[in-house]
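One structure is given below, encoded as structure tokens.
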Amino acid sequence: MNVRAAKPDARRPSDATRGRDRVIRLAWVEAAIASAALAALSVAVLSVAPRAAEPDDGAYHASIVAITEGHFLTLSTAQAEALAGKLRDNPAAPPNQWVEVTGGRWISEKDPGYPLLAAPFEKLGIIRLAPPFYGALACFGLFFGARRWLGRFGGPAAVGLYCSSGAALAFAWRDYMPTFTDASLIAAGSGTLLWSVLATEASPRRRTWVGLAGFLAIEAATFVRYTNIVILGCAVVAVIVAWQLRSARLPLRSLCWWLASVGAFGAGVAIFDDRVYGGPLKTGYQPGEVTFAAGAIGANLRIMPAHLVQAMPMLVLGLIALAWIIARWLVLHHAGGEVGAAARRDLCVALALAASWFAIWGLYSTYTWTTDPTSVTVQVVRFYLPATGAIALLGAWLVTRIPGPAWRAGLTSTMVIAALFGLGVWAFHAMYAAFGVPLGG
């Protein structure tokens, strides 16, 4: 009996093809969830009519308009008074929260970075799109950084956690405040740097350019708010340590480019401050106006936790994730193979993220202005927003550690994000209601 071997059906896809198609479909699902989170944030803030909530909004508004009129640095007294009259902000005098600097010229006391970033949107008449635009950069960086670190559904989990907090919604709504923008630039930079360090299979040139983009984003955030320099410092330390780790295989050329970028940024800021404010270490704030003291730590530890939990409840997920990662490493650090390597990698990433988180929060725990117990949440949490990108990445680790098939991790991520969005929208309205700024449609 002549038996022929069955020939494979050429029309049926191979196992490799089916696996590749499944990965592509899963990537599209992840991208759709992340895009939906960004869209939800945008709709939540753009559906509320804009208004100035504090004098700070007016000071930034004046700077942004001045740049659109060609005044990139300072204004004369006459020009500043004309600008204030045009904007109805402190008429017959320079705008509110502006100061006189060398040569009898005027400039906002606020740090100068955000007006430069927002001026193109003001010029085009789309200033309301400025915060969502920078939020989109944050989502892009977080998505690819978290996806490279955490694998399946890590990207949408990080993006969803970042977009869903009440603090993010509260400050993305305010067109002329820099708070959401500098937090978004730090999140974008953190995510892209994370990808650059972990993507050992990518070409050195690609890792260099992506990492350089990450540093440029964090540098821009530091120009927006000078205290973000502590996060920039943490990023510098993190990449130096990563370069020394053999497992990261980070090229020396990449490290040199990144550190050169930081050095050039520092020199540029010093030159700007010297020319505008009269000294390389001076700012627009008068001596003693912004003060930090160790004696403020106790009061801030009593006051701030309730504000922070209301504004960004995902911090609880971030703290649990950090503790879990450390405990897991303690159990597995002697283990070999992929399990031990994964535990060590998670610990290194978690410590780098926690360093930037605790650096900025530790700095502002000494800020004397936030020790007033009568302050409401929306007034004081803005100083803590630069850590939201790091918190979102840590929280995403926890959300995606659900064992089982991919759909279970995706369902868990979606449910957690939806629940936090509900809390975030409530906190968004509640924070401004407590501040006497009810939000209308």
Side-chain angles (χ1 to χ4, degrees), residues 22-23 25-34 36-37 138-139 141-165 187 190-191 193-195 197-200 238 247-248 309 312-358 387-424:
R22 181 175 177 276
V23 169
R25 286 196 300 269
L26 189 61
W28 278 107
V29 170
E30 293 180 52
I33 295 174
C139 293
L142 290 173
F143 182 86
F144 286 100
R147 200 166 187 266
R148 185 63 186 77
W149 176 32
L150 304 173
R152 62 187 185 187
F153 288 100
V159 170
L161 292 177
Y162 181 79
C163 292
S164 63
S165 73
S190 300
L193 278 177
L194 180 59
W195 184 93
V197 171
L198 296 182
T200 55
S247 58
V309 170
M312 49 184 85
M314 66 172 178
L315 73 87
V316 177
L317 300 181
L319 289 174
I320 294 173
L322 179 61
W324 195 332
I325 289 171
I326 294 173
R328 182 168 174 263
W329 174 79
L330 290 173
V331 173
L332 300 174
H333 70 284
H334 288 307
E338 293 184 4
V339 174
R344 290 187 288 272
R345 182 195 61 185
D346 287 349
L347 179 71
C348 291
V349 173
L351 291 180
L353 294 173
S356 65
W357 174 4
F358 297 146
T388 48
I391 298 171
L393 286 166
L394 285 169
W397 183 93
L398 184 67
V399 172
T400 56
R401 297 302 94 177
I402 305 299
W407 66 265
R408 187 177 299 170
L411 180 61
T412 302
S413 299
T414 304
M415 292 175 62
V416 170
I417 292 168
L420 289 178
F421 255 113
L423 288 174

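Counting from 1, the numbers follow the sequence of the chain as shown.
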What heavy-atom pair brings [X] and [Y] nearest, and what distance separates the two atoms?
| X | Y | value |
| --- | --- | --- |
| T412 | V399 | CG2-O, 4.0 Å |
| L161 | A396 | CD1-N, 3.5 Å |
| L142 | A187 | CD2-O, 3.8 Å |
| A34 | V159 | O-CG1, 3.6 Å |
| A37 | C163 | O-CB, 3.8 Å |
| P313 | L420 | CG-CD2, 4.0 Å |

After noting the C-alpha distance and the side-chain angles of L319 and W357, does the key distance pass the side chain to side chain contact (heavy atoms under 4.5 Å, CB included) rule?
CA-CA 11 Å; L319 289 174; W357 174 4; 3.5 Å; yes
Which is it for T388 and M314 under the side chain to side chain contact (heavy atoms under 4.5 Å, CB included) test, yes or no, and what are the steps along the way?
CA-CA 9 Å; T388 48; M314 66 172 178; 3.9 Å; yes
Distance in Å, [X] [atom1] paired with [Y] [atom2], rounded so as to fall on 0.5 Å steps:
| X | Y | atom1 | atom2 | result |
| --- | --- | --- | --- | --- |
| T400 | L150 | OG1 | CG | 4.5 Å |
| L353 | W397 | CG | CH2 | 13.0 Å |
| W329 | H334 | CH2 | NE2 | 8.0 Å |
| L315 | L322 | CG | CG | 12.0 Å |

R147 vs W195, side chain to side chain contact (heavy atoms under 4.5 Å, CB included): CA-CA, chis, key distance, verdict:
CA-CA 9 Å; R147 200 166 187 266; W195 184 93; over 6 Å; no
Tell me if a side-chain donor or acceptor on R344 pairs with a main-chain N or O of H333 at a distance below 3.5 Å.
yes
Decide yes or no for [X] and [Y]: does some side-chain heavy atom of the first lie under 4.5 Å from some side-chain heavy atom of the second?
| X | Y | result |
| --- | --- | --- |
| L194 | F144 | no |
| R345 | L198 | yes |
| F153 | T414 | no |

Full working for side chain to side chain contact (heavy atoms under 4.5 Å, CB included) between L394 and L317
CA-CA 8 Å; L394 285 169; L317 300 181; over 6 Å; no
